Amino acid sequence: MNIIKLVGLSFLALVLYVGVAFSQSTKCQIAYIEGVGDQDVAIKILGDVFKQAGIPVAFKALPGDRAKAMAIEGTMDGEAARIFSYGEKNPMLLRVPTTYYGLETTAYAKKTSNILIKNKQDLDKYKIAVVKGVQHSKDMVEGLENVTVVEDGETMMKLVETGKVDIALTSTVNGDGLLKKMGLNEIERVGTLTRLVEFIYFNKKNSDLVPKVDEAIKNMSQSGELTKLTEKYETEYLDSMK
């Protein structure tokens, strides 16, 4: 009888050990928008944030709408870099309160166009291209008629290059990276419309991770580490575009 009890307790201990080992090795799965420069920078910063928080993490590049759907349904644990209004429009996701990165919404056009964009009202006169699933660009063209939605940034810039649209609307990091990568010397920035901060969002099943990640971001912000990481990873991203 004692032997049976001993075997039973040993088996239970083994089960508990395997369960703990599995939970410690399981990585948090975070989605980000594929082919967008500021997202590529954001996940590098976020990787350091998760390390600081002691949370194993893996990132998966997805189209913007697919990233949202998978985060909402819980197939992915969250999304890496979305603006504040994204949380207002998707209240089923949990926003980590403290921002860790930011972006500028910038207009790009041909140098010969003489276009100058100062605000959203200026966009109404032009044909505009944006990338599908990118919230800050989507917000900027809401209510406008001459908008073409494309699947990726290179297609967007090619539309400007060929004159099929007047303006490409994207983040400065992404836009500058695309111009360098594609060798588009005839296209330039023609106006910055907004400066926004970005947040990480979690599926509600991961509510326990919110305070841990938030504390790590606050600590890294106060120490100045976030600023250094932002400069480092943005420089690395632009240098990698050839």
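Fair warning: this is a prediction, and the values are worked out from it, not measured in the lab.
Under the 4.5 Å side-chain contact rule for hydrophobic residues, M76 and F202 do not share a cluster. Under the 4.5 Å side-chain heavy-atom criterion for grouping Ile, Leu, Val, Met, Phe, Trp and Tyr, M70 is not connected to M92 through any hydrophobic cluster.
Note that CG of D38 is 11.5 Å distant from OG1 of T230, once rounded to the nearest 0.5 Å. If you take NZ on K138 and CD1 on I83, they are separated by 10.5 Å, rounding to the nearest 0.5 Å.
At a cut-off of 3.5 Å, with distance as the only test, a side-chain donor of N174 or T170 sits close to an acceptor on the other residue. Between the side chains of N206 and D77, at least one donor N or O sits under 3.5 Å from an acceptor N or O. Residues D48 and Q52 bring no donor and acceptor atom of their side chains to less than 3.5 Å of each other.
Clustering of Ile, Leu, Val, Met, Phe, Trp and Tyr by side-chain heavy atoms under 4.5 Å joins V190 with I115, I117, L123, Y126, I128, V130, M140, V141, L144, V147, V149, I167, L169, L193. Alongside L178, the hydrophobic cluster contains I33, V36, Y108, V131, V134, V150, M156, M157, L159, V160, V165, L179, M182, L184, I187 (criterion: ILVMFWY side chains under 4.5 Å).
Taking the centre of each ring, Y201 and Y86 come in below the 6.0 Å mark.
Under the salt bridge (charged side-chain N to carboxylate O under 4.0 Å, His left out) criterion, E79 pairs with R82, not counting sequence neighbours.
Side-chain atoms of K60 never come within 3.5 Å of backbone atoms of Q29 as a donor-acceptor pair (strictly under, hydrogens ignored). Side-chain N or O atoms of D214 include one that pairs as donor or acceptor with a backbone N or O of T98 at under 3.5 Å. Judged by distance alone, with hydrogens and angles left aside, the side-chain atoms of S113 form no donor-acceptor pair with the main-chain N or O of A109 at under 3.5 Å.
With a 4.5 Å cut-off on side-chain heavy atoms, V197 and F84 do not count as touching.
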